[in-house]
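Everything numeric here is computed off the predicted structure, so don't read it as measured data. Chain letters run A, B, ... following the sequence lines, proteins first, then strands; residues in each count from 1.
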2 protein chains.
Amino acid sequence: MPTTEVISNRKQEIIEKATALFQKQGYSATSMRDLASFIGMEAASLYSHIKSKEELLQIICFNMADKLFEPVKNIASENLSADEKLRKFVLSHVKVLTNDTASSAVFFSEWRHLSEPYLSDFLKMRDQYEGIFIKVLIEGNRTGIFKFLDAKFTVLALLSSINWLPSWYKKDGQLSPEEIAENVTDVFINGLKVRN
Amino acid sequence: MPTTEVISNRKQEIIEKATALFQKQGYSATSMRDLASFIGMEAASLYSHIKSKEELLQIICFNMADKLFEPVKNIASENLSADEKLRKFVLSHVKVLTNDTASSAVFFSEWRHLSEPYLSDFLKMRDQYEGIFIKVLIEGNRTGIFKFLDAKFTVLALLSSINWLPSWYKKDGQLSPEEIAENVTDVFINGLKVRN
DNA sequence: CCTACCGATCGGTAGG
DNA sequence: CCTACCGATCGGTAGG
C-alpha cells in the first residue's frame, strides 16, 4: 500500500470514476463493465491501467487512511491541553472528510471487501488512529478536563457521529467544514444542554 | 411491506441466516448459493419459501424500521420535558439495536440495495423517524433546555453516534443496553467536559 | 425440497 | 485501447 508507484492521469481518472460508482452502488454491485462504460472505454481496456478491481478499492481506502492519519499524528505531538487537542483532531478529521466526500464514503463502507493482507493492514491503521484519540481522552480525564465511562466507547461514538458526514455533506451547502467541526465539538465536548 | 403474511419457521430460519450473511459479506456479495449451503439446502429450494433475494432484504429492513419506529412514536406522545423525551428516545433506540445487532447492521448498511418503490418507502420512514427527534430538539430549544446550531445536523450526529453499535456490541460484553444509552446521553446531552 | 437447466453477467486474459 | 473470448458464477425457473 505504500504507493510509491507513479499514477498516470488516465489511472487517476479511473480511480475517480470508480470512487463515484463504488459510493453510489457499492463495491460488489459495481462491475468493471459499469466502470468502463462510465469512463467511455471497454472493460478489458481497464486492465492496461490497473491490476484488478480490488486494486481500485485498495488505492481509495489506503489513500484516505493516510490523509486522515498524518495531520492527527502531527497534532498529537503538539503541546496542547487535551480538550484543545481533541478540538483540533475533530477539525482535521472533518476537513479531510468534507474535502473528498466520495472517497470518504467508500473508505467507511467498503473496506470490508479488501482481501488479506490488506484487510488486516487496514484494521491495524484504524486501531492506531482510534488509539490516538483514546490517549487524549484518557489524558483529559487524568487532568480533570473530561469525564466519561469508557474511553474507547466514547471515541467510537465521537468518530461515528462525524463519519456519516460524507453521505450528507454538499460543498455548496450552508455549513463550512469549520462550522461543522465547531458544531460537533460544541455538542460533543460541551453538551447539548444549556449550562445552568 | 406491511407483512400481514404468515411467516413459517423455515422461512424465519432463512431470514435469520440471510441476515447473518448479509451482515458479514454484504447483500450484493452474498449469493443465494452461499445462503443455501449455509442453511443446508440447494439454492433452488429457497424459492419455495421466498420470492426473491431482495424479498429477504425488504423483510429485514422494514421489520427493523417498525421496531425502531413504534416505541419512539409512543414516547413522543407522552407528557415529558424535551430532555427526558430525548433520553427515552435514545434508550429505546439503543435497546432495539442491541437486541438484534445483525438485523440492525444490515438495516443500516444495505438498505440502498432496495429497489423501487421500497427504497422510497424506506427513505420516507427514515425521514419521519428523524423528524420525531428533530421536533423534540426544537421544543427543547424553545423551552431553553437545549442549544445547538442546526437541529437536523445535531439529530443526524446523535443517531449516527449510536448506529455504529451493531457492528461492535456483544451481548456478553460488559456494557448493558441501559449503560450504553446512559453513556450516549450523558456525553451527548451533558457533554464530555467536566462542568465548572 | 431436489435435479437439471436457463440466459445473463462476472472478473479477467490473449493477442494484437 | 480494441476484439474476441475464457471458465465461473449469478438469480431464478421448470418439472417433478
Nucleotide pairing, DNA chain C (Watson-Crick or G-U, distances under 3.5 Å), in dot-bracket with [ ] and |: ||||||||||||||||

Sugar-phosphate, base or nothing in reach of S48(B), heavy atoms under 4.0 Å: base

Rounded distance (Å) that lies between atom P of dC10(C) and atom OH of Y47(A): 11 Å

Y129(A) and H93(A) aromatic centres sub-6.0 Å: yes

Spacing of E42(A) atom CD relative to dG12(C) atom P, expressed in whole Å: 17 Å

D34(A) CG to dC10(C) P, straight-line distance once rounded to whole Å: 6 Å

Geometric class of the F122(B)/F62(B) ring pair [parallel <30°, tilted 30-60°, perpendicular >60°]: perpendicular

Whole angstrom value for the distance that separates P of dG11(C) from CG of L56(A): 11 Å

Nucleotide dC6(C), atom P - distance to CE of M32(B) in whole Å: 21 Å

Sugar-phosphate only, base, or nothing, as touched by T30(A) at under 4.0 Å among non-hydrogen atoms: sugar-phosphate

Between W164(A) and F108(A), ring centroids under 6.0 Å: no

Length of the CG-P vector between L46(A) and dC10(C), whole Å: 13 Å

Within 45° cone of F89(B) ring axis and under 6.0 Å: K85(B) NZ or CZ: no

N/O (side chain, R33(B)) to phosphate O (OP1/OP2, dG12(D)) under 4.0 Å: no

Stacked cation flag K17(B) on F22(B), 6.0 angstrom / 45 deg: no

Distance, nearest 0.5 Å, that separates CD of E16(B) from CG of L56(B): 12.0 Å

5'-most by nearest nucleotide on DNA chain C - S45(B) or A44(A): S45(B)

Side chain S161(A), main chain L158(A), donor-acceptor under 3.5 Å: yes

Presence of S31(B) side-chain N/O under 4.0 Å of dT9(D) phosphate oxygens OP1/OP2: no

Atom pair distance, as rounded to whole Å: NZ in K53(A) and P in dC10(C): 9 Å

Nearest-Å distance for atom pair NZ/P, residues K51(A) and dG12(C): 12 Å

